[in-house]
Amino acid sequence: MFVLAAPFSGASRLTARLAGHPALYALPELCLFMADTVGELLDIFRLSQGPHADGLLRAVAQLEFGVQADPEIEAATQWLAQRREWTVGALLDELARRVAPRRLVIPDTETPLRPNDLRRLRRHAPTAVAVQVVRHPWTQAQRLVRWGHDRLFIPPDFKDHAWDPPLIEPQVPWLRANRNIEQRYADAPQRLHRVSDESLDDAPSATLTALCRWLELPDDAATLDAMHADEAAWAYGGHGPRRAPYGLEAEVLEMPPARERGEPAAEASLEAVLPWRPDGAGFDAGVIALARRYGYR
């Protein structure tokens with residue numbers, strides 16, 4: 001099962017809840033579908049300016065060597081290098097075998113940004129189901145822009161290249177990712193279930209119950225209590241070791257909760273003027289239309 005979302009939309013947060021279900025085993029983000037083979041994937045990781053390899057290294061270290069520490073991260077690096085000829089589908093099958101009979105849960109905020117990567121996901125994991133996590137574009141945008149302040153490297157997927165220099169524009173990944181997810185699963189709507197991040201705050205038990213029933217998993221009171229447990233109980237719920245510290249969304253690992261920042265909560269609105277834009281514009285019409293279809297105002 002994949003938890004797919006635009007960046008800063010709550011994929012890691014939902015995955016942490018699913019990690020508490022006894023029939024599931026939740027991993028960090030693996031970024032598997034940037035390539036077709038493990039060797040190609042390792043080459044991309046080596047050239048990447050981001051920590052794309054960290055989640056996969058942490059997962060292999062934990063599942064193959066029993067702990068996430070620097071020596072095991074090095075062992076995981078070698079383990080993957082020895083399997084360069086494997087397809088990413090074969091690697092995924094091996095990870096699934098390691099946790100069986102539990103089902104794998106894998107969050108992913110990279111794959112939805114690129115149609116080719118989503119095609120690889122469907123090709124290499126043909127029986128997988130997906131949960132699409134959506135968040136109000138105003139809330140998503142505020143978090144992404146705040147995270148991007150004073151950073152030397154901002155992924156090109158997060159920018160509006162019509163500006164010189166390119167402008168950080170959260171609408172771009174929000175719209176692109178959600179449209180791509182919908183289009184890729186248009187031929188198999190029974191394999192896609194949508195959850196709003198806000199529902200995890202407003203109606204957590206009802207949201208998790210509906211998701212469990214869609215997955216045909218137990219949803220008794222004890223199971224739901226386990227899914228509400230502290231995220232620290234999840235093996236991948238915080239920073240990893242020095243050699244692979246990431247693997248989850250930046251909003252989980254790098255940004256304190258709003259209540260700790262002492263910031264006033266601005267009401268999310270699709271009609272708002274966007275403060276990060278120098279032209280005083282509002283949301284793009286495509287963003288507004290899709291967000292309204294998701295129930296946002």
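The residues of the chain are indexed from 1 along the displayed sequence. What you see below is based on every heavy atom in this structure, not just the backbone, and it leaves out hydrogens, waters and symmetry mates.
The hydrophobic cluster containing Val105 does not contain Leu121, counting ILVMFWY residues as joined when their side-chain heavy atoms lie under 4.5 angstrom apart, directly or transitively.
At least one side-chain heavy atom of Arg13 sits less than 4.5 Å from a side-chain heavy atom of Asp201. Looking only at side-chain heavy atoms (C-beta outward), Trp138 and Leu274 come within less than 4.5 Å of each other. Using a 4.5 Å heavy-atom cutoff, the side chains of Met34 and Glu40 are not in contact. Using a 4.5 Å heavy-atom cutoff, the side chains of Leu208 and His228 are in contact. Side-chain contact check for Val3 versus Arg17: every heavy-atom pair is 4.5 Å or farther apart. Side-chain contact between Gln62 and Tyr236 is present, with at least one heavy-atom pair separated by less than 4.5 Å.
Side chain of Trp174 to backbone of Phe8: no donor-acceptor contact under 3.5 angstrom is found. Judged purely by atom type and a 3.5 angstrom limit, His124 has no side-chain atom pairing as donor or acceptor with the backbone of Ala90. Proximity of a side-chain donor or acceptor of Asp160 to a complementary backbone N or O of Leu167 within less than 3.5 Å is not detected. Remark: the backbone N or O of Pro112 is paired with a side-chain donor or acceptor of Asn180 at under 3.5 angstrom. Using a distance-only test at 3.5 Å, with no hydrogens or angles considered, a donor-acceptor pair links the side chain of Glu198 to the main chain of His136. Under the 3.5 Å distance criterion, the side-chain polar atoms of Glu249 are matched with a main-chain donor or acceptor of Ser12. Under the 3.5 Å distance criterion, the side-chain polar atoms of Thr223 are left unmatched by any main-chain donor or acceptor of Pro218.
For Glu182 and Arg194, the salt-bridge test passes: some basic side-chain N is under 4.0 Å from an acidic carboxylate O. Residues Asp117 and Arg184 are not paired through a salt bridge, judged by the lack of any N-O separation under 4.0 Å between the basic side chain and the carboxylate.
For CD of Gln190, the number of neighbouring non-hydrogen atoms (other residues, nucleotides, ligands) closer than 6.0 Å is greater than 12. Taking a 6.0 Å sphere around CZ of Arg114, one finds it holds more than 12 heavy atoms contributed by other residues, nucleotides or ligands. At most 12 heavy atoms of other shown residues, nucleotides or ligands fall within 6.0 angstrom of atom OH in Tyr246.
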Note to self: Using side chain to side chain contact (heavy atoms under 4.5 Å, CB included), reason through Val131 and Trp214 one step at a time and then give a plain yes or no.
What the structure shows: CA-CA 10 Å; Val131 175; Trp214 181 73; 4.0 Å; yes
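Judged by a 6.0 Å distance limit and a 45° cone about the ring axis, Arg191 is not positioned over the six-membered ring of Phe2. A cation-pi contact links Arg83 to Trp79, judged by a cut-off of 6.0 Å to the six-membered ring centre and 45° from its axis.
Between Tyr296 and Phe283, the distance from one ring center to the other does not fall under 6.0 angstrom.
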